[in-house]
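Just follow the structure's listing: the first ligand is 1, and inside any ligand the first atom is 1. Fair warning: this is a prediction, and the values are worked out from it, not measured in the lab.
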Amino acid sequence: MTMATKIEEAGFRPASRIAAIGVSKILQIGARASQMKRDGHPVIILGAGEPDFDTPDNVKEAAKAAIDRGETKYTALDGSPELKKAVVGKFRRENGVEYALDEVTVATGAKQILFNAFMASIDPGDEVIIPTPYWTSYSDIVEVCGGVPVLIPCDAEAGFRLQADQLERAITPRTRWLLLNSPSNPSGAAYGEADYRPLLEVLLRHPHVWLMVDDMYEHIVYDGFRFVTPVAIEPKLKARTLTINGVSKAYAMTGWRIGYAGGPKALIRAMAVIQSQATSCPSSVSQAASVEALNGPQHVLKERQESFRRRRDLVVAALNAIPGIDCRTPEGAFYTFAGCAGLIGKVTPGGRRIETDADFTDYLLEDAHVAVVPGSAFGLSPYFRISYATSEGELKEALTRIATACAKLV
Ligand SMILES: Cc1ncc(COP(=O)(O)O)c(C=O)c1O
């Protein structure tokens, strides 16, 4: 059921801009799993899109100090001068990219950055190229803004990465943006410099296409993978690239709601116009905390990365040991996106045929009491996403249950 139908049932006619947008499958599964838990079933939820670690103590202390100093009022519209300086410093130090203060913006999460950017730049019918599997909010936000998501399937064989010839074919006169996310939610795949170069060459040939990159999982990469952001590779694209990042995943600060971006001044100014009517400014206390996150000690990033790597290895090995499941080793983030083509067509002990990845994940929830998200929720089937941002003990138990449930399929 779409959100629109739900609202209409309550006697309200929703605006057409939200009519096409359904309640996300991730939320539906989460709600069903939580209900089963409340009913007493021992459900393990591997759907969370946030680290299970706590926000570092130095960051919490900085927030408390800000409150005590009285920093509890509106700040500058799109970021306090202190946080903008910290963002400029971060881009210089970690990415080798130079932005001026008026080329950076801060918002209530990277999600609001995306929203501001699309609201500020898309007219009805404008196209946004999005490789799949993709974080579902991308296409929903584009649609809310009147744009047309152009989804390009990128399967496991392609490393879940967009290829230059696919990009070339997808570009039309109406293309406004290409949106890339590395490392990716949900696939964990990341673009190295050699992966990016051919795509950036295509963009150089199409000056009307702008590039939006979501680097949210920059700090969660494994096996010596060298993270790089496109503007550092091809400075000629800087004048039409928005580089998005945030503190949510790197510093386990999802609830603080701070995201930021660097981009050309005119776009940043237009985004501020949207933000001024949406939220006036991001939370003052969260901004103070984020200054400490970006400027303070960074050792916590490495420690947590190592913990995530151990869990990734555990999950990938356990999944690949199950006949019918095929899991590529992700370069980053805290998700695996395993193929389940080998299980399609099999029959459950209850006599139900598994036709789709959603049938498979429904079966896992019912039989194994493990909640994972089907690939269809991210625009690519037949796959399923596991978030391993949970304890090793819980992961081991969940994977044992998944293996047992799969062994029962005939
Ligand atoms: C790829 C990606 N980008 C952006 C976000 C949003 O992050 P924020 O908490 O800063 O809004 C998420 C959150 O799940 C994400 O997975």
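Distances between N or O atoms of T254 and those of ligand 1 include no value under 3.5 Å. Among the atoms of K111, some N or O lies under 3.5 angstrom from an N or O of ligand 1.
G246 does not count as a contact of ligand 1, since none of its heavy atoms falls under 4.0 Å from the ligand. Using 4.0 Å as the threshold, R257 has a heavy atom nearer than that to some atom of ligand 1.
Relative to atom 2 (C) of ligand 1, the option among N185, D214, D215, I113 with the closest non-hydrogen atom is D214. When Y138, Y217, Y335 are ranked by how near their heavy atoms come to atom 16 (O) of ligand 1, first place goes to Y217.
Residue M216 touches ligand 1 through its side chain alone, judged by heavy-atom distances below 4.0 Å. Contacts with ligand 1 closer than 4.0 Å are made by heavy atoms of both the backbone and the side chain of A110. Contact annotation: for K249 versus ligand 1, heavy atoms closer than 4.0 Å belong to the side chain alone.
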Check: Run the side-chain contact (heavy atoms from CB on, under 4.5 Å) check on R401 and D367 step by step: do they pass?
Finding: CA-CA 9 Å; R401 290 196 207 168; D367 188 89; over 6 Å; no
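Classification of the Y138-W135 ring pair by plane angle, with boundaries at 30° and 60°, yields perpendicular. Ring orientation note: the planes of Y196 and Y191 are close to parallel, at an angle under 30° on the 30°/60° scale.
The protein non-hydrogen atom at the shortest distance from atom 5 (C) of ligand 1 is W135 CH2, 3.3 Å.
Taking every non-hydrogen atom of N181 and a distance limit under 4.0 Å, the qualifying atoms of ligand 1 come out as 1 (C). Each of the atoms 8 (P), 9 (O), 10 (O) of ligand 1 lies under 4.0 Å from some heavy atom of S248.
In this structure, D78 and M271 have side chains that are not in contact, with every pair of non-hydrogen atoms separated by 4.5 Å or more.
Screening P374, S376, C340 for a side chain to side chain contact (heavy atoms under 4.5 Å, CB included) with F384, the sole residue that qualifies is C340.
In the model, Q298 has a side-chain atom that pairs as donor or acceptor with a side-chain atom of Y251 under 3.5 Å. In this structure, a donor-acceptor pair under 3.5 Å is present between the side chains of K90 and N95.
Between R92 and E98 there is a salt bridge, since a side-chain N of the basic residue sits under 4.0 Å from a carboxylate O of the acidic one.
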